[in-house]
Amino acid sequence: MSRELPNALNLRTDKAHSARMYDFYLGGKDNYEADREAAFKVAAAYPGIFVCARENREFMHRATRVLARDYGIRQWLDIGTGIPTKPNLHEVAQSVAPEARIVYVDNDPIVLVHAQTLLSSSAEGRTAYIRADVNEPDAILRSPELIETLDLTKPVALSLNALMHFVTDAQDAHGIVRRLMDALPSGSALALSHCTPDFDPQTWQKVTDIYDRAGTPVQFRGKAAVADFFADLDLIEPGIVVGHRWRPSAGSGGDASGDGPAPSDADVSLWVGVGLKS
């Protein structure tokens with residue numbers, strides 16, 4: 001179960017937040033003027049941001065479905081959850097395995113406001129929500145909500161979608177992922193998506209500057225640095241690819257992006273992959 005909502009939430013609506021900007025990119029309404037102002041600047045520099053956000057969401061659906069259906073995963077730790085957008089991860093997982101258990105983690109207070117949506121588990125499964133920061137992995141792993149919901153002696157899928165580019169090398173992004181994966185048993189998985197400047201470095205430098213000026217440090221990484229997150233893991237086919245190219249026939253879990261032409265790699269600008277722990 002989640003903790004009770006606090007009486008007063010410090011939403012800092014005067015300052016753009018990545019979760020609310022992402023909500024705007026997806027067409028959501030849980031964002032504020034500061035979020036929209038920063039998001040419009042990003043969109044002006046990189047019109048593909050809306051495609052990128054959509055394809056990131058689609059990858060999460062497909063990866064979740066594949067891990068549940070083909071690899072027998074029944075537990076997820078989803079960090080950087082963001083504002084709920086149906087279908088949520090647990091709805092996709094529980095459509096395959098009703099007994100699936102999911103722990104959601106985010107540090108934006110507005111996500112806590114919507115936590116009840118994330119707790120709409122099937123009767124057979126369970127969901128929980130933790131307000132916490134990926135930069136404090138031990139606090140996440142020790143949280144009562146996680147301990148009460150997940151069995152860390154059994155495989156867990158660590159879901160890090162469009163999150164780690166908000167953790168810089170100075171914050172030890174790769175070390176954080178290693179710490180989280182080290183806590184999970186053999187048979188666990190890492191599903192990760194990460195924005196990249198590889199296809200248009202100049203545009204992504206502009207995007208970096210916009211986020212930095214908005215008070216949200218970012219580090220968009222190339223394919224080799226993204227691959228380093230999967231060190232010592234066994235990548236499943238097709239390996240690390242641009243988001244829309246990861247098993248497009250696997251099914252989206254209910255939020256298909258349509259039958260139009262496929263987006264370009266530059267529009268998506270998102271490396272994704274799924275790796276298994278031996």
Side-chain angles (χ1 to χ4, degrees), residues 16-28 30-31 35-64 78-89 92 106 108 159-168 173 191-212 214 216-223 225-227 229 238-248 250 252-253 255-274:
H17 191 285
S18 58
R20 300 192 298 264
M21 291 172 67
Y22 183 62
D23 175 73
F24 175 81
Y25 300 145
L26 289 173
D30 292 299
N31 47 75
D35 308 308
R36 293 189 288 273
E37 181 179 348
F40 279 128
K41 290 178 180 177
V42 170
Y46 166 45
I49 188 62
F50 301 101
V51 175
C52 177
R54 185 190 70 212
E55 293 299 336
N56 176 69
R57 192 81 187 163
E58 292 293 316
F59 163 72
M60 182 274 284
H61 293 159
R62 296 195 303 273
T64 299
D78 180 55
I79 305 178
T81 298
I83 295 166
T85 303
K86 287 185 173 292
N88 294 303
L89 188 153
V92 177
D106 204 287
D108 185 358
S159 180
L160 302 174
N161 289 295
L163 173 65
M164 296 313 294
H165 46 246
F166 294 111
V167 185
T168 66
L192 180 144
S193 61
H194 196 296
C195 288
T196 182
D198 283 354
F199 302 101
D200 191 345
Q202 290 185 335
T203 289
W204 280 90
Q205 185 57 57
K206 294 177 183 177
V207 174
T208 298
D209 293 342
I210 293 166
Y211 272 98
D212 286 347
T216 303
V218 291
Q219 185 169 349
F220 301 115
R221 296 178 172 90
K223 187 174 184 179
V226 172
F229 286 112
I240 297 172
V241 295
V242 183
H244 63 302
R245 301 186 185 280
W246 197 93
R247 301 199 181 194
S252 69
D255 190 23
S257 55
D259 298 323
S264 69
D265 289 355
D267 278 343
V268 178
S269 288
L270 190 76
W271 291 122
V272 308
V274 177

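Computed from heavy atoms alone, side chains included, the values below leave out hydrogens, waters and symmetry copies. Remember, it's a predicted structure, so these values are computed and weren't measured experimentally.
Checking side-chain atoms of His244 against main-chain N and O of Val51 turns up no donor-acceptor pair under 3.5 Å. In this structure, Arg57 contributes its side chain and Leu26 its backbone to no donor-acceptor pair below 3.5 Å. In this structure a side-chain-to-backbone donor-acceptor pair under 3.5 Å is missing from Arg36 to Phe24. Looking at Asp106, its side chain does come within 3.5 Å of a backbone N or O of Gly82 through a donor-acceptor pair.
Between Val274 and Ala191, the closest heavy-atom pair is CG2-CB, 4.1 Å. The two atoms that bring Met21 and Ala16 nearest to each other are SD-CB, 4.0 Å, heavy atoms only. What you find for Gly273 and Trp246 is that their closest heavy atoms are CA-NE1, 4.3 Å. Closest heavy-atom contact between His194 and Met164: NE2-C, 3.7 Å. Heavy atoms only, all atoms of each residue included: Asn161 and Ser193 are closest at CA-OG, 3.2 Å.
In terms of the salt bridge (charged side-chain N to carboxylate O under 4.0 Å, His left out) criterion, residue partners of Asp35 (sequence neighbours excluded) are, by chain and number, Arg20.
Taking the six-membered ring where tryptophan is involved, the planes of Phe50 and Tyr25 are perpendicular, since the angle between them exceeds 60° and thus also 30°. Between Phe199 and Trp271, the ring-plane angle classifies as tilted under the 30° and 60° cut-offs.
Tyr22 places a side-chain heavy atom less than 4.5 Å from the side chain of Asn56.
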Assess whether side chain to side chain donor-acceptor pair (under 3.5 Å) is satisfied between Asp200 and Tyr46, documenting all intermediate values. CA-CA 10 Å; Asp200 191 345; Tyr46 166 45; over 6 Å; no
Carefully, step by step, assess Val42 and Tyr211 under the rule side chain to side chain contact (heavy atoms under 4.5 Å, CB included). CA-CA 8 Å; Val42 170; Tyr211 272 98; 3.9 Å; yes
Are Thr196 and Phe220 close enough, and set up right, to give a side chain to side chain contact (heavy atoms under 4.5 Å, CB included), and what steps lead you there? CA-CA 5 Å; Thr196 182; Phe220 301 115; 5.9 Å; no
Any chance you could lay out the side chain to side chain contact (heavy atoms under 4.5 Å, CB included) test for Asp209 and Gln205, step after step, and finish with the verdict? CA-CA 6 Å; Asp209 293 342; Gln205 185 57 57; 2.9 Å; yes
